[in-house]
Protein chains: 2
Amino acid sequence: MQASDRTRKRPRSRYAVLGMLSMGLETGYAMKKHVEVHLGHFWNESYGQIYPILRQLVEEGLATCQVEQQAGARRRKCYALTPAGGNELRAWLVQSPEPQPPRLELLLKLTFGERVPVEACEQLIRDHRETCNRDIAHLASIESALRDKPGRHPDQPYWLMTLRYGRAVREAERTWCDETLEQLQEIRSGHQLTSESGMGR
Amino acid sequence: MQASDRTRKRPRSRYAVLGMLSMGLETGYAMKKHVEVHLGHFWNESYGQIYPILRQLVEEGLATCQVEQQAGARRRKCYALTPAGGNELRAWLVQSPEPQPPRLELLLKLTFGERVPVEACEQLIRDHRETCNRDIAHLASIESALRDKPGRHPDQPYWLMTLRYGRAVREAERTWCDETLEQLQEIRSGHQLTSESGMGR
DNA sequence: CTAGCCATGTAATCCGTTACATGATTGG
DNA sequence: CCAATCATGTAACGGATTACATGGCTAG
């Protein structure tokens, strides 16, 4: 009962922000950019989350904020992690995420695929295959940019792991698409044999 | 501008319900059960969604509802799809889902992995590996149960495709886990060499 | 008789996105 | 001067989960 405070589920965005503070990002704006550019393949954040969280973290003593307002500089709030904030982050990092219920719209559509022409299903799969290909190319470009960078960041090996994850999953999906397209073609042949054979309408 | 009605984004739960109506499921309760048992590997639904949606669909003429209330039977509402409902479903089925921004907590943690002992990261990965194994076994059991069933359902080939998807992705993840564990071990060796070599504290 | 399943429903709450409002600074 | 970028923030909305309330039927 009294563990409710430690056990209470906090929004994951909170820890994304703490993590970015821990890598020295100072402004909400910079964090949003960082998510878009570097974490985009497995995470997203909106200003509507970031700014309120930043304010909260300061209230809770997990971060500090000093306003930069000297002449000839943009108005900006400079945040930094406190030791307590670091502890909070690490405590979260070591907990295995509980598996979250997935919602894969593509598979939901495919489950009901019998209700539409086979060709429609084939289109769904081809589109998904294209998405996979684009993602794989995108991940590859991020990866090579990261490897070419001269002074290597201490986080680099971990970043590479996340990139490998994306590639592995996307490639598996692409293979699945190919197999599935073959199966759909078989179904199509089956339809031509059993129902009308060549009749329009 | 005037396409707003057809284009307007509707909650996906709505179509999950329409789909289940199309396969003859009659009550909200049965739908919840079906999601849990048969779609659990890629979808989830809660009563808090299902019942309000069912009411709405009737209001919109996409479903009908007749209350079964003869003596000696449980009180239940029997829903069925109308032709308009079938059209709505099919119109949705043929549209490729736009890629939804993922939020993979495991990868978020791994990105910040440098902030905790390597052993903690290894534990994260091992746990995930276990999850993959459990899922693969679970999918296999569903699949064999489905294949063994005598009278084959017209939707069966599509169900098998969704199962293959789950297996393909989970197996790819498992392979990634193995590779990642190796890399983490290398990192661990590196630490031992550069920093204190065997010193406690 | 009672535990467990069938069955329906709602209110509170949460997480998160979207859209908007505002404005300073810098580079071309 | 103007467009792009840096920068902060909030209000409204939406989708979804959680927790709760209720009750009848059935099998052991």
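Convention: sequence-line order gives letters A, B, ...; per-chain numbering from 1. None of the values given here were measured: they were computed from a predicted structure.
- Closest to the side chain of A:Tyr51, out of D:dA7, C:dC5, D:dA16, is D:dA7.
- Both B:Lys33 and B:Tyr79 lie close to DNA chain C; mapped to their nearest nucleotides by heavy-atom distance, the more 5′-ward contact belongs to B:Lys33.
- In this pair, A:Tyr29 and A:Tyr47 present their aromatic rings parallel. The plane angle is below 30°, not in the 30 to 60° band.
- Within the 4.0 angstrom heavy-atom criterion, only backbone atoms of the sugar-phosphate kind lie near B:Arg103; the bases stay farther away.
- Distances shorter than 4.0 Å separate none of the side-chain N or O atoms of A:Tyr29 from OP1 or OP2 on D:dT8.
- In this structure, A:Thr27 reaches the sugar-phosphate backbone alone: every heavy-atom distance under 4.0 Å involves primed, P, OP1 or OP2 atoms, never a base.
- Side-chain atoms of B:Ser46 lie closest to D:dT17 of the nucleotides D:dT17, C:dG9, C:dC15.
- Residue A:Tyr79 forms a side chain to side chain contact (heavy atoms under 4.5 Å, CB included) with just one option from A:Leu25, A:Leu21, A:Val17, and that option is A:Leu21.
- Listed pair B:Arg12 / D:dG14 fails the phosphate criterion, with no side-chain N or O lying under 4.0 Å from OP1 or OP2.
- Proximity of B:Ser13 to the phosphate of D:dA16: a side-chain N or O atom is located under 4.0 Å from OP1 or OP2.
- Set against C:dT8, D:dT5, D:dG9, the side chain of B:Arg76 has C:dT8 as its closest nucleotide.
- Of the N and O atoms on the side chains of A:Arg103 and B:Gln100, not one donor lies less than 3.5 Å from an acceptor on the other residue.
- Here B:Asn44 does not reach the OP1 or OP2 of D:dA16: none of its side-chain N or O atoms lies under 4.0 Å away.
- In this structure, A:Gly48 reaches the bases: a heavy-atom distance under 4.0 Å links it to at least one base atom across the strands shown.
- Expressed to the nearest 0.5 Å, how far CG of A:Leu110 lies from CG of A:Leu124 amounts to 7.5 Å.
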